[in-house]
Structure formats: C-alpha cells, structure tokens
Enquirer: 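I have a structure I would like to understand better, so I am pasting it below and will then ask my questions one at a time.
Atom set for the values below is all heavy atoms of this structure, side chains included, hydrogens, waters and symmetry mates excluded.
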Amino acid sequence: MNNKLRLHGFNNLTKSLSFNIYDICYTQTEKERQEYIEYIDELYSADRLTKILTDVVDIIGANVLNIARQDYEPEGASVTILIAEHEVPPNDELMEETPGPLKDSVVAHLDKSHVTVHTYPESHPHGGISTFRVDIDVSTCGLISPLKALNYLIHSFDSDIVTCDYRVRGFTRDVDGVKHYIDHDINSIQNYLSEDTQNAYQMIDVNVYQENTFHTKMLLKDFELDNYLFGEGAKGLSLEERQRVEEKVRKEMLEIFYSRNMP
C-alpha cells in the first residue's frame, strides 16, 4: 500500500494507540514513600496532563471539542479530550504513518475521536518499591495517525518501562468498492520510534499481522541507581545496601516488563 488509496467517501478505519508507562522508585522509609507519592501526584496533576494531551492533539492534527479532567483523592488524575472533525482538510504529511515530532502545531481532519490519560501512583509498605503508572489512549478516525504522538508521549514521562499496543479496526472502501482493512504498511511499532528512543530501550514485539494488531514492550537499558532513589540517594547507602536495593529495583522492572512474578 505504498501508493495512496483512492477512497470512496470517508476513511472509516479506526487507529488506536494505547500504552502503559511505568516509573519505578525505591523509598527507604515510610516518610520517603509518602513524599514520593505526593511529589509524583503533584508533578502529573490534571493540569499538567491536560497540557500534555493538548500537545498530542496538536501533533496528530485534531480539533479539541471538549476536555474533562479530574484530580482524585488521595492521589491520581484523569483527563479525557474529545476531538472532532476540523473544517480544514489534512495535508499530505499528516496522512503518512511516520515518526512524529516531539512538539509541533498542525491542523488536520478528524471525526469524533479521543485522547485519554489516567495515572496510578502505587506503593506497598513492605519492600520499599513504589511505582507510577500512566495509561494513555489515542484513538483517531479517518486519515491521520496516532503513531505521530508516540515519541512525544514517551519523552513526556520518566519512562522506565513502556508497553505499547497499536490496532487498526474496521475497513474502508476504495473507489472500486474493494474493502481495505488497513491503509498503510507496518510491521512493528518500533518503526515509528525516533533513533534515540530505539537506542535507549531493549524491545520485544508480539504482533498479530492478520488482525492488524501490534504490541511492543520497552525496557530502559541504562541503569543508574541514583535515578531510582527518592530522598538522600545512593550516598546514604552502604555498598551492601546499594547492591540489595539495585537487585530489588531491577527485579521490579523485569517483572513488569515480562508480566510475571519472579523468585
């Protein structure tokens, strides 16, 4: 499908990009644990998330119809933006599935779709590990692609582990009446990641090509313990404690990456 399809009527394909982003932290005391949760909850408040999603709307070329947002008690936030068809038709650049910018303002054509984000700060009093999870969905109808928002969203959070799903649903007809269940070439979500993102993460794919479903898991390669400590950092730990904490953090990351508990 390298040549652009000549369609009959509106492009009825729905393209959905969903992913979970995890940030991992070790908190040595109950006080540090609570301070971390409060810090991350304030950093990614509904206001901040609204700004991020508004940038996404600009990148994919949508028109904001409505915004609903909520900060929760004791922590967490949600934002949903309903995006609608714009009167200006899309330019050729927006209709191509290519890696998107980190931030750019564009205008294009969309019809009653949405972008959403939900946050889930989480910790357990035993073990000292706290996690912050962000769930994001970008769903578009018509010609433009949510894949353009991928790099920007990964760079908008402290993304230690990223789990991405991309699926094209429905079908559209060409001028001859032939149904098309996808309108672009794709064999992996990795194709739409910037070079620096590809170099930064270990990645594995689980793809179901006949269903136009693509799944990629990403694990940050570089590991610097200070980046995972809240409070004084590694300087307050003995060598033995450093090794113990590093093992706990690495185990947490691998369990999330492989979706299974490890001994």
Enquirer: Are the side chain of D41 and the backbone of I37 linked by a donor-acceptor contact shorter than 3.5 Å?
Expert: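 No; judged by distance alone, with no hydrogens or angles, the pair does not exist.
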Enquirer: Between L13 and G170, what is the shortest heavy-atom contact and its length?
Expert: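 Residues L13 and G170, closest heavy atoms: CD2-O, 3.5 Å.
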Enquirer: Using a 4.5 Å cut-off on heavy atoms from C-beta on, say whether the side chain of D183 contacts that of K15.
Expert: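 Touching, per the 4.5 Å side-chain cut-off.
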Enquirer: Restricting to non-hydrogen atoms, name the atom on M218 and the atom on C164 that form the minimum distance, rounded to 0.1 Å.
Expert: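 Heavy atoms only, the tightest pair is SD-SG, 4.1 Å.
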Enquirer: Give a yes or no answer on whether the side chain of S159 reaches the backbone of I21 with a donor-acceptor pair at less than 3.5 Å.
Expert: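 No, the answer is negative, given that no donor and acceptor are paired below the 3.5 Å cut-off.
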Enquirer: Between E32 and T27, what is the shortest heavy-atom contact and its length?
Expert: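 The answer is O-CG2, 3.6 Å.
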Enquirer: Within the supplied structure, the quantity of interest is the number of heavy atoms (other residues, nucleotides, ligands) at a distance under 6.0 Å from K221 NZ; does it exceed 12?
Expert: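 Atom NZ in K221 is crowded, with more than 12 foreign heavy atoms closer than 6.0 Å.
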Enquirer: Any donor and acceptor pair, going by atom type alone, linking the side chain of N212 with main-chain N or O of R167 inside 3.5 Å?
Expert: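 Flag not set: sc N212 to bb R167 has no pair under 3.5 Å.
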Enquirer: Same cluster for V178 and F171 if Ile/Leu/Val/Met/Phe/Trp/Tyr side chains link at under 4.5 Å?
Expert: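 No; F171 is not reachable from V178 via cluster members.
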Enquirer: Quick one: side chains of residues 255-263, donor-acceptor pairs under 3.5 Å with protein atoms, not counting sequence neighbours, listed by atom name and distance.
Expert:
| unit_1 | atom_1 | unit_2 | atom_2 | d |
| --- | --- | --- | --- | --- |
| E255 | OE2 | M262 | N | 2.8 |
| S259 | OG | K217 | NZ | 3.0 |

Enquirer: Got a second to check how far I161's CD1 is from L254's CG, nearest 0.5 Å?
Expert: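 Reported value, rounded in 0.5 Å steps: 8.5 Å.
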Enquirer: For the pair N20 (side chain) and T163 (backbone), establish whether a donor and an acceptor sit closer than 3.5 Å, ignoring hydrogens and angles.
Expert: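 No; zero donor-acceptor contacts below 3.5 Å.
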Enquirer: Same cluster for Y209 and I204 if Ile/Leu/Val/Met/Phe/Trp/Tyr side chains link at under 4.5 Å?
Expert: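 Result: yes, single cluster for both.
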Enquirer: Identify the two heavy atoms, one from S113 and one from L82, that lie closest to each other, and give their separation to 0.1 Å.
Expert: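 So the minimum-distance heavy-atom pair works out to O-CD1, 3.3 Å.
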Enquirer: If you round to the nearest 0.5 Å, how far is CG of L229 from OH of Y26?
Expert: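 Result: 8.5 Å between the selected atoms.
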Enquirer: Which value, rounded to the nearest 0.5 Å, describes the distance between D47 atom CG and D71 atom CG?
Expert: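 Separation between the atoms: 7.0 Å.
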Enquirer: Taking D176's backbone N and O only, do any of them form a donor-acceptor pair with D174's side chain (distance below 3.5 Å, no angle check)?
Expert: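 Yes.
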Enquirer: With the side chain counted from C-beta on, respond yes when H155 and T197 share a heavy-atom pair under 4.5 Å apart, and no when they do not.
Expert: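 They are in contact (side-chain heavy atoms under 4.5 Å apart), so the answer is yes.
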Enquirer: In terms of heavy-atom contacts, does CG of N187 have more than 12 from other residues, nucleotides or ligands at under 6.0 Å?
Expert: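 More than 12 within 6.0 Å, yes.
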Enquirer: Do the rings of F157 and Y44 sit parallel, tilted or perpendicular, given the 30° and 60° boundaries?
Expert: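 Ring orientation, 0 to 90° scale: tilted.
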Enquirer: I need the Q34 CD to E75 CD distance, nearest 0.5 Å.
Expert: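 One gets 7.0 Å once the value is rounded to the nearest 0.5 Å.
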Enquirer: Are Y166 and L150 packed together at the side-chain level, in the sense that at least one heavy-atom pair is separated by less than 4.5 angstrom?
Expert: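 Y166 does not reach L150 side chain to side chain.
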Enquirer: Does some side-chain heavy atom of Y39 sit less than 4.5 Å from a side-chain heavy atom of F230?
Expert: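 Contact flag for F230/Y39 side chains = yes.
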Enquirer: Can any side-chain N or O of Q198 pair as donor or acceptor with the backbone N or O of L193 at less than 3.5 Å?
Expert: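 Side chain of Q198 to backbone of L193: a pair is present.
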Enquirer: Is L43 reachable from Y120 through a run of hydrophobic residues whose side-chain heavy atoms are each under 4.5 Å from the next?
Expert: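 Not linked; separate clusters.
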Enquirer: Should we count CD of E240 as having more than 12 external heavy atoms under 6.0 Å?
Expert: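 Check fails, neighbour count at 12 or below.
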Enquirer: So, do I81 and V56 sit near enough that their side-chain heavy atoms are less than 4.5 Å apart?
Expert: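 Sidechains of V56 and I81: no contact.
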Enquirer: Please confirm whether the backbone N or O of Y192 pairs with a side-chain atom of N151, one donor and one acceptor, at under 3.5 Å?
Expert: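 Present.
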Enquirer: I need the M203 CE to L219 CG distance, nearest 0.5 Å.
Expert: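 Answer for the CE-CG pair, M203 versus L219, is 11.0 Å.
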Enquirer: Can we say D55 and K51 salt-bridge, meaning some charged N sits less than 4.0 Å from an Asp/Glu carboxylate O?
Expert: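 Yes, D55 and K51 are salt-bridged.
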Enquirer: Got F214 and D205 here, is their nearest side-chain heavy-atom distance under 4.5 Å?
Expert: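 F214 vs D205: side chains apart.
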Enquirer: Is there a path of hydrophobic side-chain contacts, each under 4.5 Å between heavy atoms of I/L/V/M/F/W/Y residues, joining I52 to I67?
Expert: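 I67 and I52: one cluster.
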Enquirer: Using every non-hydrogen atom in the two residues, find where M253 and D160 come nearest and quote the distance to one decimal.
Expert: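 Closest heavy-atom pair between M253 and D160: CE-CB, 4.1 Å.
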Enquirer: Assess, by modelled atom type and distance only, whether the side chains of T131 and E122 contain a donor and an acceptor separated by less than 3.5 Å.
Expert: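 Checked: T131/E122 side chains pair up, N/O donor to acceptor below 3.5 Å.
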Enquirer: Between R33 and E30, is the closest basic N to carboxylate O distance under 4.0 Å?
Expert: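 Here E30 pairs with R33 in a salt bridge, since their nearest N and O are under 4.0 Å apart.
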Enquirer: Can you tell me which residue among R250, R242, K248 is in a side chain to side chain contact (heavy atoms under 4.5 Å, CB included) with E246?
Expert: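 Only one of R250, R242, K248 forms a side chain to side chain contact (heavy atoms under 4.5 Å, CB included) with E246, namely R250.
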Enquirer: Side chains of S139 and D137: is there a donor and an acceptor less than 3.5 Å apart?
Expert: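 No, no side-chain donor-acceptor contact under 3.5 Å.
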Enquirer: Are S194 and D196 close enough, and set up right, to give a side-chain hydrogen bond (donor to acceptor under 3.5 Å, both in side chains), and what steps lead you there?
Expert: CA-CA 6 Å; S194 60; D196 64 325; 2.4 Å; yes
Enquirer: What I'd like to find out is whether the side chain of Y228 reaches to under 4.5 Å of the side chain of V245, using heavy atoms alone.
Expert: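 No. Closest side-chain heavy atoms not under 4.5 Å.
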Enquirer: Which heavy atom in I60 sits nearest to a heavy atom in P146, and how many Å separate them?
Expert: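 I60 and P146 have their closest heavy atoms at CG2-CA, 4.1 Å.
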Enquirer: Examine the side chains of H180 and T172 and answer whether a donor and an acceptor come within less than 3.5 Å of each other.
Expert: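 Looking only at side-chain atoms, T172 and H180 do not form any donor-acceptor pair under 3.5 Å.
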Enquirer: Please say whether more than 12 non-hydrogen atoms of neighbouring residues, nucleotides or ligands are located less than 6.0 Å from CD in E241.
Expert: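 Result for CD/E241: enclosed.
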Enquirer: Should we say atom OH of Y72 is surrounded by more than 12 heavy atoms from elsewhere, each under 6.0 Å from it?
Expert: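 Yes, enclosed.
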Enquirer: Does any N or O in the side chain of D165 come within less than 3.5 Å of the main-chain N or O of L17, such that one atom is a donor and the other an acceptor?
Expert: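 Between the backbone of L17 and the side chain of D165 there is no qualifying donor-acceptor contact (under 3.5 Å).
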Enquirer: Can you confirm whether V168 sits close enough to Y181 that some side-chain heavy atom of one is under 4.5 Å from a side-chain heavy atom of the other?
Expert: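 With C-beta onward as the side chain, the pair stays apart.
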Enquirer: Decide yes or no on side chain to side chain contact (heavy atoms under 4.5 Å, CB included) for L153 and V134, but give the supporting numbers first.
Expert: CA-CA 10 Å; L153 285 168; V134 183; over 6 Å; no
Enquirer: What's the spacing between I24 CD1 and N227 CG if we round to 0.5 Å?
Expert: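 Answer rounded to 0.5 Å: 13.0 Å.
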